Amino acid sequence: MSDHDVLGTREHPSLGLDTFGDAPLRAAPANHAETIREVVAEAALADRVGVDYIGLGEHHRPDYAISAPDVVLAAIAGQTERIRLGTGVTVLSSDDPIRVYERFATLDAVSSGRAEVQLGRGSFIESFSLFGLDLQDYDRLFAEKLDLFAALQSEQPVRWEGSIRPPLEGKQVYPTTAAGRLPAWIAVGGTPESVVRAARYALPLVLAVIGGSPEAFVQFADLYRRALIEYGHPELPIGMHSPGHVAATDAEAKEQLYPHQAELVTRIGRERGWGPYSRTAFEQGASPKGALFVGSPDTVATKIAWAVRTLGLSRFQLKYSVGELPHGQRMESIRLYGEEVVPRVRALLAED
């Protein structure tokens, strides 16, 4: 079975969920253990209600509890049967590509072939100083580590040379996977160079659409498909990651999400020089063509189907955990997503 078959296609897109393990800062770090257990329970529910994929983001901050996604995914593997298990993202720049491949090949074994990995630079930089890396090497670290990781996907002895580590002279990485290749994606924020790089390595692409409109990312989807053709590669999946929340009605979903979305974006904005998040910005994001997928099952399903058609997606990933949104509301959002949103999206796309 090819990567394309298990990761979704334009005709039959995969519909998944993402979480960073958002942890209430008022109780950090004591609440990290509880948050991680909640994530395992949330993933188990997602599996039961028919969600296709769960992705865990790697961070090294007090407001996100997951720094070792593969360990949490292994716990999830033991409580699930069918859901695919991956990341969103693994920060390859500050990790060892060999260890990443070994860890996720091991996860693939314990989950009976359900593992994959999404590789990226990450939107935060804490891991660089934590692991003794120079932020001035930001671009070189990712470029060379991705080159090595792509070579490892052959699961054959690798000869590789770069500037960040000693050369590999015919070394092979173990364990190997039953399929002979660990599925991997490249996650990008929308820079043309990153999009073309994903095409060069023939790796599926995930677009992080967290602001503006998904329509603005059509240019990157088109660029990726053109680059695949120029490199002589077949069509590959394109995925999309966006935040959101599902509740019984549009009004309920918005009122549950807004205070947590506003606190999170305003707090991160202070770190990055953004202005405060406003209700107007929230409503723009929640509009039919905005990047925030919040509302009733009908509203969210209609918007996902539109995004899938607009970008030609093979996967959609809803980032369902936002700031201090309570575990109970996250669980209900997951239930509605799996039981109502996913079937409605499939029905809408079947009409095309």
Side-chain angles (χ1 to χ4, degrees), residues 6-7 14-24 27-92 94-96 99-120 122 127 130 174-179 182-185 187 241 315 317-322 324-335 337-338:
V6 299
L7 304 183
S14 167
L15 299 171
L17 294 167
D18 287 337
T19 179
F20 299 163
D22 298 61
N31 67 316
H32 286 172
E34 180 181 0
T35 297
I36 289 170
R37 290 191 293 270
E38 289 174 351
V39 167
V40 174
E42 289 158 10
L45 173 61
D47 182 63
R48 293 195 299 272
V49 298
V51 176
D52 295 322
Y53 171 80
I54 184 75
L56 308 186
E58 172 196 346
H59 294 84
H60 303 269
R61 299 166 50 93
D63 45 353
Y64 299 120
I66 299 172
S67 61
D70 51 298
V71 178
V72 184
L73 289 167
I76 292 169
Q79 297 191 26
T80 57
E81 297 180 356
R82 50 167 298 280
I83 196 167
R84 292 197 61 78
L85 311 169
T87 56
V89 299
T90 291
V91 185
L92 189 63
S94 57
D95 211 330
D96 183 323
R99 291 296 287 144
V100 171
Y101 204 94
E102 289 175 339
R103 296 196 306 263
F104 282 88
T106 302
L107 175 65
D108 197 64
V110 300
S111 66
S112 299
R114 291 187 281 141
E116 57 188 74
V117 63
Q118 293 183 7
L119 306 170
S127 62
L130 185 64
Y174 301 101
T176 54
T177 62
L182 177 69
W185 304 67
H241 154 106
R315 177 183 286 170
Q317 300 166 203
L318 181 76
K319 200 270 186 179
Y320 69 89
S321 61
V322 177
E324 298 191 15
L325 187 72
H327 174 57
Q329 291 179 11
R330 298 197 304 265
M331 291 287 275
E332 179 63 4
S333 181
I334 291 166
R335 184 190 71 78
Y337 185 78

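Treat the numbers as computed from the prediction; the structure is a model and nothing was measured.
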For this session: Among residues two or more places apart or on two chains, list those pairs meeting side chain to side chain donor-acceptor pair (under 3.5 Å) that have a residue in residues 65-79.
Result: D70-R103

Exercise. Under the side chain to side chain contact (heavy atoms under 4.5 Å, CB included) test, which residues partner E332, sequence neighbours left out?
Worked result: R335, L336

Problem set entry | Intermediate values then yes/no, side-chain contact (heavy atoms from CB on, under 4.5 Å), V51 and L15 | CA-CA 6 Å; V51 176; L15 299 171; over 6 Å; no

Problem set entry | Close side-chain approach of T87 to L73, heavy-atom, < 4.5 Å | yes

For this session: With D52 as reference, evaluate R84, R315, R82 under the side-chain hydrogen bond (donor to acceptor under 3.5 Å, both in side chains) test and give the passing residue.
Result: R82

Seminar exercise, completed: Between G57 and F20, the two heavy atoms sitting closest are CA-CD2, 3.8 Å

Exercise. Yes or no on side-chain contact (heavy atoms from CB on, under 4.5 Å) for D22 and Y64, after CA distance, side-chain angles and deciding distance?
Worked result: CA-CA 5 Å; D22 298 61; Y64 299 120; 3.3 Å; yes

Exercise. Given side chains that start at C-beta, do those of L7 and S14 come closer than 4.5 Å, heavy atoms only?
Worked result: no

Exercise. With sequence neighbours excluded, what pairs up with A43 under the side chain to side chain contact (heavy atoms under 4.5 Å, CB included) test?
Worked result: I54, I76

Seminar exercise, completed: In terms of heavy-atom contacts, A46 and I83 come closest through CB-CD1, 3.8 Å

Problem set entry | Closest heavy-atom pair and its distance - A115, D108 | N-OD1, 3.1 Å

For this session: Applying side-chain contact (heavy atoms from CB on, under 4.5 Å), run through R330 and E38 and close with a yes or a no.
Result: CA-CA 10 Å; R330 298 197 304 265; E38 289 174 351; 2.8 Å; yes

Exercise. Are side-chain heavy atoms of Y320 and T19 found at a separation under 4.5 Å?
Worked result: yes

Exercise. A23 and N31: which non-hydrogen atoms are nearest, and at how many Å?
Worked result: CB-ND2, 3.2 Å

For this session: Determine whether E42 and H327 make a side-chain contact, defined as any pair of heavy atoms from C-beta on separated by less than 4.5 Å.
Result: yes

Exercise. Using 4.0 Å as the upper bound for N to carboxylate O, is an ion pair formed by R99 and E102?
Worked result: yes

Exercise. Do R114 and T80 meet the criterion of a side-chain donor-acceptor pair at a distance under 3.5 Å?
Worked result: yes

Exercise. Considering all heavy atoms of both residues, which atom of V89 and which atom of A187 are nearest to each other, and what is their separation?
Worked result: CG1-CB, 3.3 Å

